[in-house]
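Only one structure is covered here, and it is reproduced in the block below.
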Amino acid sequence: MPELPEVETIARGLHTRVSGDGIESIWLGGKPEPLKSPAHEIAATLEHTRILTVRRVGKHIVFDLAPNNVRSKKAQPAQAQWIVHLGMTGRLQVCDPQSEVLKHTHAILKLKSGRELRFVDPRRFGRLSVAHGFDAGGIEPLEVDLDRFINLFRGRKTPIKSALLNQKLLRGVGNIYADESLFRAGIRPRRRASTITRDQLAKLMTSVKEVLKEAIVLGGSSISDYVDADGEEGFFQLQHRVYGREGEPCLVCKTPIKRIVIAGRSSHYCLKCQK
DNA sequence: ACTATGTCCTGCGAGC
DNA sequence: TGCTCGCAGGACATAG
């Protein structure tokens with residue numbers, strides 16, 4: 001379940017592997033593919049371009065593309081981008097053309113280097129699209145300053161957990177890191193966002209950044225493991241303090257961790273440590 | 001303008 | 001052993 005740190009790690013790994021390579025052609029699988037842009041538009045935008053950079057924006061992976069045929073005298077359109085959202089189970093693998101095409105492979109790019117870049121996604125929550133001047137909305141949590149952070153939650157009656165998951169506010173925080181951040185900040189997930197004090201929000205912002213940074217560091221050491229074919233291996237895990245620990249003792253006070261459902265998502269917290 | 005809820009999709013593991 | 005069922009959850013559509 002890739003959230004910001006996982007996507008960051010994957011994007012970095014892909015950048016070292018495929019930036020500078022050319023895209024010769026793209027195959028898009030069967031009928032109802034997880035596409036946000038029409039297939040012909042994706043193909044037209046990608047084919048015969050070169051990958052300049054691969055980077056992360058929120059939970060999106062952005063491939064910046066350079067046109068190969070730059071002979072037009074007319075003004076060049078804004079730079080084209082291929083946008084990949086991994087959803088829950090999406091993977092991008094760089095592999096040899098001979099290697100077995102996995103079930104649920106939805107896209108295959110033939111690269112100039114002879115390798116292939118494949119998009120595999122069993123659950124099909126992932127999305128492929130193209131853009132010119134991509135804007136994901138929201139603010140990068142690792143770049144936000146305190147004033148803007150506090151502003152995000154002003155007047156919002158929704159539970160703070162839901163606000164953290166809202167990608168239009170902060171982009172990149174998902175279910176796991178939301179729970180972990182709230183635990184570190186001592187705030188219960190159901191607390192209405194607007195009722196949280198400045199000081200608590202300052203703590204929350206610090207916690208969010210800490211948790212994400214720690215996870216990125218952990219991921220950095222295992223890049224090579226899961227950009228590769230067998231992907232699954234090496235999905236790093238931050239030592240979760242609450243997520244997935246229902247009933248287990250809080251690592252601080254030994255109180256059993258509670259699990260509740262907020263907006264359809266499981267949420268974990270310590271009754272005693274979080275208020 | 002917000003907020004809450006349902007839906008998509010498949011694989012896996014718990015429980016009988 | 002083999003089956004059913006619930007759950008995982010990001011983003012969007014829809015309704016209130």
Side-chain angles (χ1 to χ4, degrees), chain A residues 1-11 28-38 56-62 83-92 101-107 118-131 134-141 151-182 189-196 208 212 215 226 230-233 235 237-238 240 242-248 257-269:
Chain A
M1 35 206 107
E3 300 183 27
L4 185 151
E6 290 83 1
V7 178
E8 174 73 28
T9 305
I10 291 166
L28 294 165
K31 356 253 133 116
E33 289 312 306
L35 307 180
K36 268 172 94 177
S37 307
R56 177 195 62 78
V57 175
K59 294 176 194 168
H60 303 267
I61 300 171
V62 177
I83 315 296
V84 179
H85 194 299
L86 297 173
M88 276 285 292
T89 53
R91 299 193 191 299
L92 284 165
V101 175
L102 299 177
K103 201 174 166 187
H104 307 299
T105 297
H106 304 294
R118 300 179 184 170
F119 176 66
V120 186
D121 184 15
R123 216 167 289 177
R124 304 212 290 183
F125 276 23
R127 288 292 176 266
L128 306 181
S129 60
V130 290
F134 175 66
D135 175 21
I139 305 178
E140 281 293 329
N151 244 318
L152 291 176
F153 305 108
R154 183 163 291 162
R156 293 192 181 270
K157 297 199 204 104
T158 198
I160 184 64
K161 168 78 182 275
S162 299
L164 285 175
L165 293 179
N166 184 345
Q167 303 295 297
K168 298 262 178 288
L169 303 178
L170 283 182
R171 59 185 190 216
V173 178
N175 203 38
I176 297 174
Y177 297 114
D179 278 6
E180 294 298 315
S181 301
L182 287 168
R190 266 215 255 262
R191 273 280 295 282
R192 304 277 142 183
S194 60
T195 69
I196 302 175
V208 168
L212 295 176
Y226 61 91
D230 292 335
E232 197 72 35
E233 188 115 19
F235 239 111
Q237 304 241 318
L238 193 66
H240 301 146
V242 285
Y243 184 83
R245 299 193 62 243
E246 181 185 12
E248 293 174 39
I257 297 300
K258 247 182 109 56
R259 175 184 177 275
I260 59 177
V261 174
I262 299 174
R265 303 242 158 70
S266 64
S267 304
H268 312 74
Y269 71 101

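Just so it is clear: chains get the letters A, B, ... in the order the sequence lines come, proteins before strands, and each one is counted from 1.
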For A:His268 versus A:Ile257, what's the shortest heavy-atom pair and its separation?
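Between these two residues, the closest heavy atoms are CB-CG2, 4.0 Å.
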Rounded to whole Å, please give me the gap between [atom1] in [X] and [atom2] in [N].
| X | N | atom1 | atom2 | result |
| --- | --- | --- | --- | --- |
| A:Glu246 | C:dA8 | CD | P | 9 Å |
| A:Lys59 | C:dC12 | NZ | C1' | 13 Å |
| A:Met88 | C:dA8 | CE | C1' | 5 Å |
| A:Lys36 | C:dG10 | NZ | P | 15 Å |
| A:Lys168 | C:dC12 | NZ | C1' | 9 Å |
| A:Asn166 | C:dA11 | CG | P | 10 Å |
| A:Asn175 | C:dA11 | CG | P | 12 Å |
| A:Lys103 | B:dC9 | NZ | C1' | 12 Å |

Open item on the list: Checking A:Glu8 now: which residues fulfil salt bridge (charged side-chain N to carboxylate O under 4.0 Å, His left out) with it, not counting sequence neighbours?
Closed with: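 Listed in chain order: A:Arg12, A:Arg56.
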Only residue of A:Leu182, A:Ile260, A:Asp179 satisfying side-chain contact (heavy atoms from CB on, under 4.5 Å) with A:Tyr269 is A:Ile260
Counting any heavy atom closer than 4.0 Å, what does A:Arg156 reach on the DNA or RNA strands: base, sugar-phosphate only, or nothing?
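Sugar-phosphate contact only.
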- A:Phe125 on top of C:dG10's base, within under 5.5 Å and under 30°? yes
Passes side chain to side chain donor-acceptor pair (under 3.5 Å), A:Ser267 versus A:Lys161? Steps please.
-> CA-CA 8 Å; A:Ser267 304; A:Lys161 168 78 182 275; 2.8 Å; yes
query: Within a reach of under 6.0 Å around NZ of A:Lys258, are more than 12 heavy atoms found that belong to other residues, nucleotides or ligands?
result: no
Do the side-chain N or O atoms of [X] get closer than 4.0 angstrom to the phosphate oxygens (OP1, OP2) of [N]?
| X | N | value |
| --- | --- | --- |
| A:His85 | C:dA11 | yes |
| A:Arg192 | B:dA4 | yes |
| A:His104 | B:dG11 | yes |
| A:Thr158 | B:dA4 | yes |

- Salt-bridge present (A:Arg171, A:Glu140; N to O < 4.0 Å):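 Salt bridge between A:Arg171 and A:Glu140, a charged N being under 4.0 Å from a carboxylate O: yes.
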Next item on the list: Return the nearest nucleotide to the side chain of A:Pro122; candidates are B:dT3, B:dA4, B:dT10.
Entry: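 Nearest nucleotide to the side chain: B:dT10.
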Problem - Close side-chain approach of A:Leu128 and A:Ser37, heavy atoms under 4.5 Å - result: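 Side chain of A:Leu128 against side chain of A:Ser37, heavy atoms only: no contact under 4.5 Å found.
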What residues 257-267 of chain A contributes to the DNA chain C interface at heavy-atom separation below 4.0 Å is A:Arg259, A:Arg265, A:Ser266
